[in-house]
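The basis for the numbers below is simple: all heavy atoms, side chains too, and nothing from hydrogens, waters or symmetry mates.
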Amino acid sequence: MIKINHLDIRTTTLSLSLRDCASSDTKKTAAKIYDKITKTAKSFVQLANDIENEYSIPIVNKRIALTPISLAAESCTNPDYVYIAKTIDKAAEEVGVDFIGGYSALVDKGFTKGDLAFFESIPEALAQTNKLCSSVNLGTSKAGVNMDAVLKTASIIKKTALLTKDKDSIGAAKFVCFCNAVTDNPFMAGAFCGINEAECALNIGVSGPGVVSSAIQKLDKKADFGEVSNLIKKMAFKITTTGELIGRKLAKRMNIPFGIIDLSLAPTPLQGDSVAEIFKAMGLEQAGAHGTTMALAMLNDAVKKGGIMASSYVGGLSGAFIPVSEDAGMIEAAKLGSLTIDKLEAMTSVCSVGLDMIAIPGDTADSTIAGIIADEMAIGMINKKTTAVRIIPVIGKNVGENAEFGGLLGSAPIMKVNPYSSETFVNRGGRIPAPLHSLNN
C-alpha cells in the first residue's frame, strides 16, 4: 500500500487559536502571533518526522491553521494586514511547516469595517508570502449568500493572479472561497481554526486514492456495485486506522489534544494516486464520462461509511477531492475534453468540497468568475453541504495552454469558460436569502 499505491498521511495540521493575540497595535499583535506560533509549533515538524520514520508511513505535509486573521487583528488601530501576513509567513518558515492557513474572513452575512480592509489586503499578502494561504466564507445554509462579497472575491482573485503572473498566477492557487466553511478542516488553502475550537489541537487529513483504485482493479469486472462499495469501505477503514494511529501518537508527543480525522481521498499529481483512476477502475472510460457523478457519489459515501468506524472523531471535509491540477487522471481528462467546468460543477453536488484548482483564461471577466462562484455557493447553500471554489485565472494564457504550479499543486490545462456575460446578474449585489429549509429551529 505504501510503496506501490501511495498510501500516506496527506497532512498533519496544528490548529492554533489566536484569540489572545488581539491588541490595538499592529506590531504588538503581529509579535504575539509570531511568538505563539513559534513556541507552540517549535517541535511540530521534528516530531512528525520522527513518527514518519518510526512507522515508515509518509506524512506529506505539515501545516498550521490559525484563527481568522480578520478577527484576530480587527481591534488594531489602522491595521496593517500585509505586515501581519509577512510575520505569519516568517513564523511558518521558522518552524518549518509547508503551509500556514487562516488568513481568512467570515462574511456570509455582511462586512465589518475590518473585513473590508482585510479583503483589500489579500492580493498583496499572497503575492509577498510563500507559505501563507487565505480563505473567505461567503455563504451558509442559514444566512444565505453575500453577493457583494462574491463580486468582491472575484476581483480579489483576479488581482492576486495579476500580482503573481510571473509564476502562472500561483497566488490564486493559495486562495479559496467557501459556502458552509468548516472550522476544523486540515486541508489547504481553506484551513482555519474556528472561534469555537480549542486552544490548540492536531487534525489529520488522510489520503489513499491509489489504494482504493488498486483494490477495485483486482475485483471481477462483473462485480456489482454492492461489492464495489463494500470493498471501498474496507479500504477506507484501513486508511483511517493508519491516520488515527499517527494522529494520536503525534498529539501525545506534542502534549496537545487530538482533534479530528478528515476522511478525504486527496490525490496528488503522481501516477497511481488519482481519484480519476478510481472512476476508470469502476468501468468509466474517462473521468467526466456520463456516470461520473454517480461513481463519485458512491465513492464519497463508501469512504465515509468505512472511515467513520475507524476513528473516534471525524470532521473536516471528509469524502473525495476532485482538484484538477493535483490529480494526474483529472488533468488527462481535462486535456481530452472529457472533463469540463460544467461537469465538475455537477460533480461538486456530491463530492467533498467543490471546484478545486481549476485554471481558466487570464482575461476572464471578474463578473464571470463571480458567476462561477455564485453557482457553487448555491449548491452548498441549498444542499446544506460545504462547497468551495479555488480557481486560477492564469494571466497571459488561454484555452489549450498549460499552467505549472509545482509540488502538490501540480499543473493544469487552461479550461474553457462560458462566453456569455453574468455582469448584470452579479452586480445586483445584496444578500441572497437563505432557503426555506434553514427555518428548522
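- Looking only at side-chain heavy atoms (C-beta outward), I122 and S134 come within less than 4.5 Å of each other.
- From S141, atom OG reaches atom CD1 of I382 across 7.5 Å, with rounding to the nearest 0.5 Å.
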Check step by step if side-chain contact (heavy atoms from CB on, under 4.5 Å) holds for T242 and I9.
-> CA-CA 8 Å; T242 304; I9 307 301; 4.1 Å; yes
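- With respect to the salt-bridge test (charged N to carboxylate O, under 4.0 angstrom), the residues E199 and K36 qualify.
- Counting only N and O atoms by type, the side chains of D327 and S274 include a donor and acceptor under 3.5 Å apart.
- Expressed to the nearest 0.5 Å, how far CE of M188 lies from CZ of F99 amounts to 8.0 Å.
- I204 places none of its side-chain heavy atoms less than 4.5 Å from the side chain of T11.
- Distance check: L299 CG to K304 NZ gives 10.5 Å after rounding to the nearest 0.5 Å.
- Cation-pi contact between K90 and Y34: present, with separation from the ring centre below 6.0 Å and deviation from the ring axis of at most 45°.
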For E124 and K159, what are the C-alpha separation, side-chain angles and deciding distance, and is it a salt bridge (charged side-chain N to carboxylate O under 4.0 Å, His left out)?
-> CA-CA 9 Å; E124 190 177 350; K159 288 177 183 176; over 6 Å; no
May I have the step-by-step check of side-chain hydrogen bond (donor to acceptor under 3.5 Å, both in side chains) for N203 and D184, ending in yes or no?
-> CA-CA 7 Å; N203 298 324; D184 55 5; 6.0 Å; no
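- With a 4.5 Å cut-off on side-chain heavy atoms, F178 and N185 count as touching.
- One side chain, E197 or T183, offers a donor N or O that lies under 3.5 Å from an acceptor on the other.
- Note that CG of N146 is 11.5 Å distant from CE of M377, once rounded to the nearest 0.5 Å.
- A distance of 6.0 Å separates CD1 of I392 from OG of S325, quoted to the nearest 0.5 Å.
- Of the charged side-chain nitrogens involved, at least one lies within less than 4.0 Å of a carboxylate oxygen, so that R390 and E326 count as a salt-bridged pair.
- Side-chain atoms of K62 and N49 include a donor-acceptor pair closer than 3.5 Å.
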Before giving the answer on salt bridge (charged side-chain N to carboxylate O under 4.0 Å, His left out), spell out for D301 and K305 the whole-Å C-alpha distance, their side-chain angles and the decisive distance to 0.1 Å.
-> CA-CA 6 Å; D301 181 66; K305 285 175 178 174; 2.7 Å; yes
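- Applying the salt bridge (charged side-chain N to carboxylate O under 4.0 Å, His left out) rule to R431 yields no partners; only residues at least two apart in sequence or on another chain are considered.
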Salt bridge (charged side-chain N to carboxylate O under 4.0 Å, His left out) assessment of E54 paired with R253 = CA-CA 13 Å; E54 186 176 331; R253 292 187 190 183; 2.8 Å; yes
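- Here L355 contributes atom CG and I372 contributes atom CD1; the two are 7.5 Å apart, rounded to the nearest 0.5 Å.
- Residues K397 and E404 are not paired through a salt bridge, judged by the lack of any N-O separation under 4.0 Å between the basic side chain and the carboxylate.
- Salt bridge annotation for K158-D366: present, with a cationic side-chain nitrogen under 4.0 angstrom from a carboxylate oxygen.
- With sequence neighbours excluded, the residues that form a side chain to side chain donor-acceptor pair (under 3.5 Å) with D115 are T112.
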What do the steps show when you test S135 against F175 for side-chain contact (heavy atoms from CB on, under 4.5 Å), and what is the final call?
-> CA-CA 5 Å; S135 63; F175 175 85; 6.0 Å; no
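- Looking at every heavy atom in both residues, A334 comes nearest to V324 through CB-CG1, 4.3 Å.
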Could you check R63 against L14 for side-chain contact (heavy atoms from CB on, under 4.5 Å), going step by step and ending with a plain yes or no?
-> CA-CA 6 Å; R63 302 165 176 174; L14 175 64; over 6 Å; no
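- With sequence neighbours left out, Y103 forms a ring pair (Phe, Tyr, Trp, His ring centres under 6.0 Å) with F118.
- Using a 4.5 Å cut-off on side-chain heavy atoms (C-beta onward), T87 and I33 make no contact.
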